[in-house]
Amino acid sequence: MRTAGINLEHTKKINRLLILRLLCSGNGFSRAELARRTGLAKMTVSNITSELIAAGLIEPLAAERQGAGRPPVRLGLTRRSPAEVGLFLRRDSCTGICATMDMEILSQVEFSLGPGETANTLLDKTESAIRYLVQHCEDREVFGVGIAAMGPLDYTRGELMTPPNFYNIRHVAMAETLRERLGIPVFLANDMDVSASVEKLYGKCVDLRNFVYVGLTNGVGAGLLLNNSLFLGNHGFAGELGHMTIDSDGPLCTCGNRGCLETYVSVPRIMQRFRRELGREFEDFGGLCGFCEKDPAGAALLDTLLEKLSTALINLCNLTDPEAIVIGHSGALLTDSQLESIERRVNQGILAKGLSKIQVMHSAFGTQASLYGAAALPLKQIFDGNLCYERFFEKTPSCPSKRKRRGQDPEPDPDLQDLAEPDELEEQEAQQEEQEAI
Ligand SMILES: [Zn+2]
């Protein structure tokens with residue numbers, strides 16, 4: 001009997017998070033729509049939404065009349081629902097936002113980084129930025145902080161390891177130190193990984209099970225979302241697309257190999273080629289992309305570089321078999337026609353050509369996917385079962401982390417380690433209702 005009780009509670013937690021996840025998308029679903037999308041029984045959805053309303057997390061949105069009859073009541077987050085803080089750490093600056101759980105920005109901040117920076121100045125500046133954001137969140141509770149940064153990172157320890165060209169700052173335990181100073185759970189993740197995650201949670205890939213996010217920056221990186229989960233690899237280093245060899249006799253790369261992708265298509269390398277070969281200087285990558293729309297010589301040069309990128313993407317597609325490729329960071333500034341040329345090459349070059357078309361699309365967040373991804377990181381930890389947040393649900397029994405003081409290491413919620421898919425839940429739901437009937 002005891003085992004059955006635990007299973008039911010497990011199912012209940014998963015169901016609640018499935019509903020909350022949809023409501024956090026900002027789409028204002030009705031109860032009937034929530035039931036259809038999750039595959040849960042209408043009564044279950046009704047019970048869960050009543051709980052969330054009672055907890056002050058969601059509320060009925062203003063009704064919109066559409067023709068005759070009463071329109072369905074749509075539900076959305078309240079102004080009392082908690083907020084999250086996200087920071088995107090780059091080599092020369094850091095941008096931060098405080099956002100609602102449906103990604104409405106409440107406040108933002110930016111600070112610069114430069115020569116003379118140390119681990120301590122970095123931590124002090126980051127702490128001040130977070131404190132500012134926490135104080136400017138419309139009196140909501142901030143339940144977590146996400147930091148997106150360039151690699152390499154130690155995911156388990158939340159440590160910035162040995163980022164190249166970063167003022168010799170090495171091995172900084174960002175997450176733990178800031179968690180101790182602020183008393184809020186802090187998570188550190190790779191900027192490409194959080195970008196892929198936020199496309200899955202809020203962006204263009206909500207309904208996709210397999211896609212890759214590719215970001216053009218000072219290098220080239222990828223976040224791999226495979227079989228509905230982020231793929232990190234053994235050390236969290238998966239997705240180092242920039243160091244895929246395109247030509248073993250090519251230019252020397254910072255990694256010591258020759259002809260890596262990013263020796264051709266990192267943003268500084270592209271700008272350098274235009275300067276050297278066409279004598280053209282641009283203020284930013286967007287200017288260069290726009291110029292190439294009008295200038296045949298520019299278009300031809302950019303096309304040779306995008307061909308290299310397409311070659312790498314064909315290799316990546318042959319390895320991962322995705323439904324789509326999302327291009328972001330500065331790559332979001334490529335024009336529609338430039339993206340179409342990549343899409344055409346990729347679909348002509350992959351082994352599975354003709355089976356289905358791989359879409360190549362701009363990020364839903366333009367050049368800012370890492371910033372939004374950082375802000376969504378604490379919520380993702382809840383959905384993944386790595387952060388227990390029992391106050392979401394007023395009547396929820398104690399979670400394992402409840403015994404711990406806030407600010408200490410958040411413990412994973414063992415009941416939520418593997419969120420089941422809606423079709424699996426339907427079966428569990430039926431069993432649950434059967435039990436309740438008894
Ligand atoms: Zn390399």
Side-chain angles (χ1 to χ4, degrees), residues 88-92 148-155 159-171 188-196 212-226 230-277 285 288 301-320 322 325-334 342 345-346 349-350 360 367 369-370:
F88 176 29
L89 180 64
R90 296 181 296 272
R91 285 181 174 78
D92 58 350
M150 63 297 219
L153 307 176
D154 183 329
Y155 264 75
E159 180 185 297
L160 200 60
M161 292 170 72
T162 51
N165 308 317
F166 196 54
Y167 320 113
N168 220 17
I169 296 175
R170 308 166 88 80
H171 299 291
L188 180 71
N190 177 278
D191 56 347
M192 298 298 162
D193 292 337
V194 299
S195 300
V212 292
Y213 176 97
V214 174
L216 300 189
T217 60
N218 287 345
V220 184
L224 312 177
L225 205 130
L226 305 177
L230 207 52
F231 181 79
L232 300 176
N234 196 24
H235 301 97
F237 286 8
E240 288 293 345
L241 186 66
H243 298 284
M244 180 180 282
T245 305
I246 300 296
D247 178 359
S248 54
D249 294 322
L252 190 63
C253 179
T254 50
C255 73
N257 293 332
R258 285 192 170 273
C260 294
L261 177 66
E262 67 180 44
T263 63
Y264 301 101
V265 296
S266 70
V267 171
R269 290 291 184 134
I270 296 176
M271 304 281 260
Q272 189 185 59
R273 286 286 291 268
F274 272 74
R275 204 158 43 233
R276 202 173 62 212
E277 295 183 27
F285 189 59
L288 184 149
L301 177 54
L302 183 61
D303 195 57
T304 60
L305 300 172
L306 293 185
E307 192 180 3
K308 309 276 189 203
L309 176 60
S310 303
T311 300
L313 294 177
I314 290 166
N315 286 325
L316 184 60
C317 289
N318 284 339
L319 285 171
T320 58
I325 298 168
V326 181
I327 306 282
H329 285 63
S330 293
L333 300 169
L334 289 165
I342 297 173
R345 280 195 174 105
V346 166
I350 54 170
V360 178
T367 58
S370 287

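All values reported here derive from a predicted model rather than from experimental measurement. Residues: numbered from 1 along the sequence shown. The figures here come from the full heavy-atom set of this structure, side chains too, leaving out hydrogens, waters and symmetry mates. Atoms within a ligand are numbered from 1 in the order they appear, just like the ligands themselves.
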> Is Glu159 reaching over with its side chain to a backbone N or O of His171, donor-acceptor style, under 3.5 angstrom?
Replying inline: no

> Could you state the interatomic distance from CD1 (Ile325) to CG (Leu313), rounded to the nearest 0.5 Å?
Replying inline: 4.5 Å

>> Strictly distance-based, threshold 3.5 Å: is any side-chain N or O of Tyr155 a donor or acceptor partner for the main-chain N or O of Asn190?
In response: yes

> Can you list the steps and then say if Ile350 with Val346 is a side chain to side chain contact (heavy atoms under 4.5 Å, CB included)?
Replying inline: CA-CA 6 Å; Ile350 54 170; Val346 166; 4.1 Å; yes

> Which residues and atoms, protein N, O or S only, are under 2.8 Å from the Zn ion (ligand 1)?
Replying inline: His243 ND1, Cys253 SG, Cys255 SG, Cys260 SG

> Is a side-chain N or O of Arg269 found less than 3.5 angstrom from the main chain of Leu261, in a donor-acceptor match?
Replying inline: no

> Counting only N and O atoms by type, is there a donor-acceptor contact under 3.5 Å from the side chain of Ser310 to the main-chain atoms of Leu306?
Replying inline: yes

